[in-house]
A.B. asks: 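If you scroll down you'll find the structure; I have some questions about it.
Because the structure is a prediction, the values reported are computed rather than measured. Order of appearance sets the numbers: ligands from 1, and atoms from 1 within every ligand.
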Amino acid sequence: MAISDHVDVDQFMAGLVRRNPGETEFHQAVYEVASNVFDFIRDKEIYHEMQIFRRIAEPDRIVSFRVCWTDRTGNIRVNRGYRVQNSNAIGPYKGGLRFDPSVNQSILKFLAFEQTFKNSLTGLPLGGGKGGSDFNPKGKTNNEIMRFCQSFMTELHRHIGDHIDVPAGDIGVGAREIGYLFGQYKRLTNRFSGVLTGKGLEFGGSPIRKEATGYGVVYMMQDMLARCDDSIEGKTCLISGSGNVSTYTAEKIIDLGGNVVTMSDSSGYIYDKDGIDTDKLEYIIDLKINKRGRISEYAKEYGVPFFDSERPWQVPGDLVFPCATQNELSEADADILIKNGCMAVSEGANMPVEQEGVQKFVDADILFAPSKAANAGGVAISGLEMTQNSIRRTWSKDEVHESLQKIMHNIHEQCVEYGSNTGRKHIDYVRGANIAGFLKVANAMVAYGVV
Ligand code: NDP
């Protein structure tokens, strides 16, 4: 086939949009990868002949199911549960579960698609999947959360397994929910296996799992800056969110001498110009993770301003870590951050910067680590939790931490390998991550033939 006969990105996207109407987040995620991969494979006939990209952008399967549970007043409630199994080309499906009212099929398809490339970048044998429910955990009692998790797992357990699909946490699913989900899986199957990750240390969890995503986001930033003979020390850092990823991103930045001045939740952000130190961060972890409170309470406790219903991108800062949710930083926000002198961005959440915002940062020569590279530390340690469960051993904190650092460094190097020589001042980390993540999955699919 002549190169001119190949489908181009726009033709491909027109077909994808037609086949997946209304799924805007999914379109956005596929477009971002397609624009780099189509360019890279232009003269690599085998990937065209085998329709590899078209096949990766069609999930292996999507399971959607009813979740019934009884609330504290005795009312029967009905939610929708999902599991999107995108690709098991290089290992069992792996990816988190999200409980949030915004959850829909488009968001889970985008997350499962992204997860496929992210998991490939870790170098571990992990396929890509994602799941969750439109259940809103806010304001629910512990018993309501437990009953919901049990009902959710009563259906999900048919579709997962330690060699099939291994879910973890995500927004709204932390250690408490993983405990309830694992308890119900064990009851239903009578098996104690590594079917979920992010488990408590007492029942098969791995040291460093809860810290891994946030620490990894900072290690990626550290590597990008080190290539430019710079470091995190003394830099003003903006973080959004105050959940799992945000708090451990903050912890590592403080550890490395950076000054964290913002954190947020879905109601607004706080600006502490003196910096959030270890004691203040402990207060936030207790407030947000243990007590499930609101970040505005920090403002009262420490006498700093709280900005209701706003995001922290107006504040001047050197390093930016969006760690809350998708599409939380717009093109206009990127303009303000660039004008205020920001140097680098490391994405902690999945796809937090809108496509046009990413382009702004790249065009302005701002170092930019995309989520599939920057936040891969969490799934990497989940992969190591699976290994520890298989061999029935728990490694030490130091062993796992060292592995995390090696894996993040290796991801950085893969981005450098495939993101160099683009004519830009810096490495194009977006391009590097997309191509490196694609290649391993694509080569496995070529080996399997048409399946
Ligand atoms: P958590 O539920 O622990 O924390 C989410 C944080 O983001 C909370 O502070 C929450 O505020 C805030 N938030 C949620 N939705 C919105 C919104 N629409 N607007 C503003 N703020 C919002 O989730 P995680 O920290 O686990 O996940 C955060 C992001 O990181 C997600 O994109 C997730 O997919 C990604 N990620 C997580 C990994 C992990 O290991 N946990 C691994 C890789 C990626 P509030 O308290 O008000 O709800």
A.B. asks: Name the orientation class of the two ring planes belonging to F99 and F152 (parallel below 30°, tilted from 30 to 60°, perpendicular beyond 60°).
C.D. replies: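 Plane angle over 60°, so perpendicular.
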A.B. asks: Give the numbers and elements of all ligand 1 atoms closer than 4.0 Å to a heavy atom of G172.
C.D. replies: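 Once the distances to G172 are compared, the set is 2 (O).
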A.B. asks: Is K130 salt-bridged to D170, going by a charged N under 4.0 Å from an acidic O?
C.D. replies: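 Yes, this pair counts.
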A.B. asks: Among protein heavy atoms, which sits nearest to atom 9 (O) of ligand 1, and what does the distance come to when rounded to 0.1 Å?
C.D. replies: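 Answer, as residue, atom name and distance: S242 N, 2.9 Å.
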A.B. asks: Considering G132, A376, S266, which one's heavy-atom position lies nearest to atom 20 (C) of ligand 1?
C.D. replies: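 Selected option, by shortest heavy-atom distance: S266.
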A.B. asks: To check your reading of the model: name the closest protein heavy atom to atom 18 (N) of ligand 1, its residue, and the distance in Å.
C.D. replies: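 Atom 18 (N) of ligand 1 sits closest to the protein heavy atom T325 CG2, 3.6 Å.
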A.B. asks: Heavy-atom pairs closer than 4.0 Å: do any link ligand 1 to the side chain of S246, the backbone, both, or neither?
C.D. replies: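 Neither part.
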A.B. asks: Looking only at N/O atoms, are V245 and ligand 1 under 3.5 Å apart anywhere?
C.D. replies: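 V245 vs ligand 1: N/O contact under 3.5 Å present.
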A.B. asks: Name the closest protein heavy atom to atom 19 (N) of ligand 1, giving the residue it belongs to and the distance to 0.1 Å.
C.D. replies: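 Protein heavy atom at minimum distance: R311 NH2, 3.2 Å.
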A.B. asks: Is the positively charged end of K372 above the ring of F113, judged by distance under 6.0 angstrom from the centroid and angle within 45° of the axis?
C.D. replies: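 No cation-pi geometry.
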A.B. asks: For ligand 1, which atoms have a heavy atom of A349 less than 4.0 angstrom away?
C.D. replies: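 Per the distance check, 29 (C), 30 (O), 32 (O), 35 (C).
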A.B. asks: Quick one: do E402 and K406 make a salt bridge, cutoff under 4.0 Å?
C.D. replies: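 A salt bridge is present here (some side-chain N lies under 4.0 Å from a carboxylate O).
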A.B. asks: Looking at ligand 1, does R209 have a heavy atom less than 4.0 Å from it?
C.D. replies: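 R209 counts as a contact of ligand 1 under the 4.0 Å cut-off.
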A.B. asks: Backbone, side chain, both or neither: what part of R292 comes under 4.0 angstrom of ligand 1, heavy atoms only?
C.D. replies: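 Neither; nothing of R292 gets under 4.0 Å from ligand 1.
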A.B. asks: If you measure from each heavy atom of R98 to ligand 1, is any distance below 4.0 Å?
C.D. replies: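 So R98 counts as touching ligand 1.
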A.B. asks: Please work out whether any backbone atom (N, CA, C, O) or any side-chain heavy atom from C-beta onward of P352 is under 4.0 Å from ligand 1, and answer side chain, backbone, both or neither.
C.D. replies: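 Neither part.
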A.B. asks: Would G174 count as a contact residue for ligand 1, given that I'm defining contact as a non-hydrogen atom of the residue lying under 4.0 Å from a ligand atom?
C.D. replies: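 It does not; every heavy atom stays at 4.0 Å or beyond.
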A.B. asks: Parallel, tilted or perpendicular: which fits the ring planes of Y418 and F40, with parallel below 30° and perpendicular above 60°?
C.D. replies: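 Because their plane-to-plane angle is over 60°, the rings of Y418 and F40 count as perpendicular.
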A.B. asks: Heavy atom under 4.0 Å from ligand 1: found in E328's side chain, backbone, both, or neither?
C.D. replies: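 For E328, no heavy atom sits under 4.0 Å from ligand 1.
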A.B. asks: Tell me whether K94 is salt-bridged to D165, with the criterion being a basic N under 4.0 Å from an acidic carboxylate O.
C.D. replies: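 No, no charged N to carboxylate O under 4.0 Å.
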A.B. asks: Against heavy atoms of N375, which atoms of ligand 1 measure under 4.0 Å?
C.D. replies: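 Numbered from 1, ligand 1 contributes 43 (C), 44 (C).
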A.B. asks: Hey, does M351 sit under 4.0 Å from ligand 1 if you only count heavy atoms?
C.D. replies: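 Under 4.0 Å: no for M351.
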A.B. asks: Counting only heavy atoms closer than 4.0 Å, does ligand 1 sit against the backbone of Q326, its side chain, both, or neither?
C.D. replies: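 The answer is neither; Q326 stays 4.0 Å or more away.
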